[in-house]
Undergrad: 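Dropping the structure in here first, questions after.
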Amino acid sequence: MQKEEEKQKKHIAILGATGSIGTQALDVIAANPDKFVVEVLTSNTQADLLIEQAIRYKPNAVVIGDESLYKKISDALWEHDIKTYAGAAALEQVVEMEEIDMVLTALVGYAGLKPTLNAIAAKKAIALANKETLVVAGDLVTELAAKNRVPLLPVDSEHSAIFQCLAGEFHNPIEKIYLTASGGPFRGWDKTQLESVTRAQALKHPNWEMGAKITIDSATLMNKGLEVIEAKWLFQLKPEQIDVIVHPQSIIHSIVQFTDGSMKAQMGLPDMKLPIQYAMAYPQRIYADFPRFNFLDYPQLTFEKADTETFQNLNLAYEAMNRGGNAACILNAANEITNKAFLDEKIGFLDIARINADCMAKATFVKKPTLDDYIQSNTEARRIAEELINP
Ligand code: NAD
Ligand code: MG
C-alpha cells in the first residue's frame, strides 16, 4: 500500500529518459520531489546513464531497448530492488503498470507509436514529446484518447504555447494558428550553399540544444512540417488554419488567432523545461527558477516568411496533410531514414528532401489506414528510402 503522501504525487513513466527531453524532465522532477515520483525509466542503448538515473530516482522498473544490454542493467540494479526489462515488447507493456499516472513520451521516432497507443488504452495521461507518433497515426491516437478520455498534453514548445493560449478558451473556435520557427542554422542560405553543408554545421542549432534527429529536422524544416501535422491532430484543425512564421529569436513560441481577430501568443526564453513542466503539472502552474525574459535584451523581435522553395520538406508536410490517409506516415518513415543517412554522411543535405519526395511518390497510398496499414506502410517507405539511398 502506498502512503497517503505518495498517492498525492503524480507517478510518471519517462520513455526515452536518457535523451534531451528525458534528462530535462528528470531535472524538473528533481526540483519538485513533493509533486512527482518516477515510476519507470527507459532508454534504447544508453545503459550507463540509465543505471545512474535509476539509482538516483529509484523507479519501480526500467527498460532498455537493446536486449544485448539487459545483463548489464539487471546486474547493476538487482540489489536496488528495481525491476529490469529489455526489448521493444517490454517497452510497449511497461506503460500499462497500475502505479503509473502519466507517460512522458520522450523517445524519438516511429518507435513511440505502439507504447503511446498502449498507454492511452491503459488510460494513462500522456505528456507528448514524441511528435512522430501523431504524424504517423494521428487519427488513431486522437480517436483512442477521446474515447478513453485521456488528455494528450503537448510538450513540444510550439504546441505547449498554443495549449497555454487556449486555457480558458477551449469553447471558443480557433480561426488559425501560427507556429513559429527559428529557421534553423541555414536560414537565408540558398541551394548552392546548402549542397555542401556538413553534418557538424547542421548539428549547430542557433537557439535550442536537442537530440541529433530533431536538430537535423530543424535544419531542413522537416521539424516544422512534422509540427504542422502534430498541430492538426492536437487541436483538430484544417491544413489551411495552420501557418508557419519564421521568428529567429525563438521568444514567441506560437500564436492563436480567434474568430474576433484577437491573437494570443505565449512567450519566454527558449527552455524546454518550461513546456515539459507545464505538461507534467497541468492543470497547475508550479514555481520554477528558470531565468526570466528581459525585454531590453531583445529590443527587436522579427518575423519573416519561411523559404519553402529552398527547404522543400515543409511543403512535403503540407502535401502529406492535404492527401491524408497514410501519406504523413510515409513521409515520416522516409525522413527517419534520410535523416539518419545524412547523419551517417551517406547523403547530402539537399538529398534529404529529394528522397523524401521520391519516396512519397513511390510508396503505396492507403486512404483509410488501419494500425496494420500504418505498420506496413512504415516498413515499405523505409525500404524504398533505403533503395533510393543505395540504388
Ligand atoms: P534524443 O535523441 O535526445 O533522445 C531520445 C531518447 O529515446 C533516448 O533516451 C533514447 O535512448 C530513446 N530512443 C531512441 N530510439 C529509441 C527506440 N527505437 N526505442 C526506444 N527508445 C528509443 O531525442 P530528444 O531530442 O529528447 O527528442 C525526443 C522526442 O521529443 C522526439 O520525438 C523529438 O521530436 C521531441 N522533441 C524534442 C525537443 C527537444 O528539445 N529535444 C523539443 C520538442 C520535441
Ligand atoms: Mg518544437
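FYI, side chains are in, hydrogens and waters are out, and symmetry mates aren't considered; it's all heavy atoms of this structure. Counting convention: from 1, in listed order, for ligands and their atoms alike.
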Undergrad: Check whether Phe342 forms a cation-pi arrangement with Arg199 (NZ or CZ under 6.0 Å from the six-membered ring centre, at most 45° off the ring normal).
TA: no
Undergrad: Can you sort out which atoms of ligand 1 are near Ile214, meaning under 4.0 Å from one of its heavy atoms?
TA: 25 (O), 33 (C), 34 (O), 36 (N), 37 (C), 38 (C), 42 (C), 43 (C), 44 (C)
Undergrad: For the Mg ion (ligand 2), find the closest N/O/S atom on Glu227 and give its atom name.
TA: OE2
Undergrad: Would you call Asp101-Lys10 a salt bridge at under 4.0 Å N-O?
TA: no
Undergrad: Give me the nearest non-hydrogen protein atom to atom 21 (N) of ligand 1 as residue plus atom name, then the distance to 0.1 Å.
TA: Asn44 CB, 3.7 Å
Undergrad: Taking it one step at a time, do Phe311 and Phe186 satisfy ring pair (Phe, Tyr, Trp, His ring centres under 6.0 Å)?
TA: CA-CA 10 Å; Phe311 298 90; Phe186 306 131; 7.5 Å; no
Undergrad: Counting only heavy atoms, tell me which of Ser20, Ser157, Gly16 gets closest to atom 24 (P) of ligand 1.
TA: Ser20
Undergrad: For Asp156, what is the atom name of its N, O or S atom nearest to the Mg ion (ligand 2)?
TA: OD1
Undergrad: Flag yes if Leu104 and Ile286 sit in one hydrophobic cluster, no otherwise; membership is Ile, Leu, Val, Met, Phe, Trp, Tyr, and two members link when side-chain heavy atoms are under 4.5 Å apart.
TA: yes
Undergrad: Answer yes or no: does an N/O atom from Glu132 fall short of 3.5 Å to an N/O atom of ligand 1?
TA: yes
Undergrad: So, 4.0 Å and heavy atoms of Gly22: is ligand 1 close enough to count as a contact?
TA: no
Undergrad: Relative to the Mg ion (ligand 2), which of the N, O or S atoms in Glu158 is the closest?
TA: OE1
Undergrad: CZ of Arg292: more than 12 outside heavy atoms within 6.0 angstrom?
TA: yes
Undergrad: Run the numbers for me: atoms of ligand 1, each under 4.0 Å from some heavy atom of Ala106, listed by number.
TA: 5 (C), 6 (C), 7 (O), 28 (C)
Undergrad: Does Lys176 pair with Glu240 as a salt bridge, N-O distance under 4.0 Å?
TA: no
Undergrad: Under a 4.0 angstrom heavy-atom cut-off, which atoms of ligand 1 come close to Ile21?
TA: 26 (O), 30 (O), 37 (C), 38 (C), 39 (C), 40 (O), 41 (N), 42 (C)
Undergrad: Is there any N or O on Gly211 that sits under 3.5 Å from an N or O of ligand 1?
TA: yes
Undergrad: Looking only at distances, can you tell me whether any N or O atom of Thr18, backbone or side chain, sits closer than 3.5 Å to an N or O atom of ligand 1?
TA: yes
Undergrad: Output the list of atoms in ligand 1 that are nearer than 4.0 Å to some heavy atom of Ala111, sorted by atom number.
TA: 17 (C), 18 (N), 19 (N)
Undergrad: For ligand 1, does Lys213 get within less than 4.0 Å through its side chain, its backbone, both, or neither, judged by non-hydrogen atoms?
TA: neither
Undergrad: Quick check on Met272 - does any of its heavy atoms sit under 4.0 Å from an atom of ligand 1?
TA: yes
